[in-house]
Amino acid sequence: MTHEEFNQYCASFKATEHVVQWGGADVWKVGGKVFAIGGWTKEKQTGFTFKTSDNNYLFLENKAGYRPAPYLASRGMKWIQQFDADDSEDEELRYYISESYKMISTALSKKKQRELGLL
């Protein structure tokens, strides 16, 4: 997935915000909460970071091309970074980004969800 495809996909979700921060990373939020990050890894590779469920985290943390997200996972949060994958992984990445969006948006207060038109 290219950065452009990543940004287009994240923009397709309802009530999202896009900011560029943390050294030029594309940061996608819903209700002010981050659900996906697209940027570069220390190795200068494209990296896409997303929140996961406990089970998906356990599955992905040792899968080739994925790793616990730098900074976030070290703080005990369940975030994974896809950093070395070919185009055959794009559909899987879309799935995990959509799941991250769902986790973050449904954790917002009902009031905030109504304000954003999510209910």
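Note that these values count all heavy atoms, side chains included, but never hydrogens, waters or copies made by symmetry.
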Could you pull out the closest heavy-atom pair between Ile97 and Ala36, with the gap in Å?
CG2-CB, 4.3 Å
So if I apply the side chain to side chain contact (heavy atoms under 4.5 Å, CB included) rule between Thr49 and each of Gln82, Gln81, Arg67, which one comes out positive?
Gln81
Only residue of Phe59, Tyr57, Phe50 satisfying ring-ring contact (aromatic ring centres under 6.0 Å, His included) with Tyr96 is Phe50
Under the side chain to side chain donor-acceptor pair (under 3.5 Å) test, residues paired with Lys63 that sit two or more places apart
Glu92
Can you name the residues that form a salt bridge (Lys or Arg N to Asp or Glu O under 4.0 Å) with Lys102, not counting sequence neighbours?
Glu99
Closest non-hydrogen contact found for Thr106 with Gln113 is O-NE2, 3.3 Å
For Ser88, which residues count as a side chain to side chain donor-acceptor pair (under 3.5 Å) partner, sequence neighbours excluded?
Asp86
Heavy-atom donor-acceptor pair, Lys14 side chain to Gly117 backbone, under 3.5 Å:
yes
Taking Val27 as the starting point, is it possible to reach Met77 by hopping between hydrophobic residues whose side chains are less than 4.5 Å apart?
yes
Separation of Leu118 CG from Tyr101 OH (nearest 0.5 Å):
4.5 Å
At what distance, to the nearest 0.5 angstrom, does NZ of Lys110 lie from CG of Leu119?
5.5 Å
I need the Asn7 CG to Ser12 OG distance, nearest 0.5 Å.
11.0 Å
So, taking the atom named CZ in Phe35 and the one named NZ in Lys29, what distance separates them when rounded to the nearest 0.5 Å?
11.5 Å
I'd like to check the salt bridge (Lys or Arg N to Asp or Glu O under 4.0 Å) partners of Glu91; sequence neighbours left out, ordered by chain and number.
Arg94
Just verifying a value: how many Å separate Thr16 OG1 and Ile104 CD1, rounded to the nearest 0.5 Å?
13.5 Å
Can you tell me how far apart SG (Cys10) and NE2 (His18) are? Round to the nearest 0.5 Å.
8.5 Å
List the atom of Thr2, the atom of Phe48, and the distance in Å for their closest heavy-atom pair.
O-CZ, 3.9 Å
Of all heavy-atom pairs linking Ile37 and Leu72, the shortest is CD1-CD1, 4.2 Å
Checking Thr52 now: which residues fulfil side chain to side chain donor-acceptor pair (under 3.5 Å) with it, not counting sequence neighbours?
none
Shortest non-hydrogen contact from Val34 to Trp22?
CG2-CH2, 4.1 Å
One pair to check against side-chain contact (heavy atoms from CB on, under 4.5 Å): Tyr95 and Asn56. What are the steps and the verdict?
CA-CA 11 Å; Tyr95 166 79; Asn56 285 339; 4.2 Å; yes
Let's go through Trp79 and Tyr71 carefully: what are the C-alpha distance in whole Å and the side-chain angles of both, what is the deciding distance for side-chain contact (heavy atoms from CB on, under 4.5 Å) to 0.1 Å, and is it a yes or a no?
CA-CA 9 Å; Trp79 285 75; Tyr71 309 109; over 6 Å; no
Suppose we screen for salt bridge (Lys or Arg N to Asp or Glu O under 4.0 Å). Which residues come up paired with Arg114, at least two apart in sequence or across chains?
none
So which heavy atom on Ser100 is nearest to which on Lys51, and how close?
OG-N, 3.2 Å
Do Met1 and Phe83 sit in one hydrophobic cluster, given that two such residues count as connected whenever their side-chain heavy atoms are within less than 4.5 Å of each other, even indirectly?
no
Sidechain-backbone polar pair: Glu61 side chain, Pro68 backbone, donor-acceptor under 3.5 Å:
no
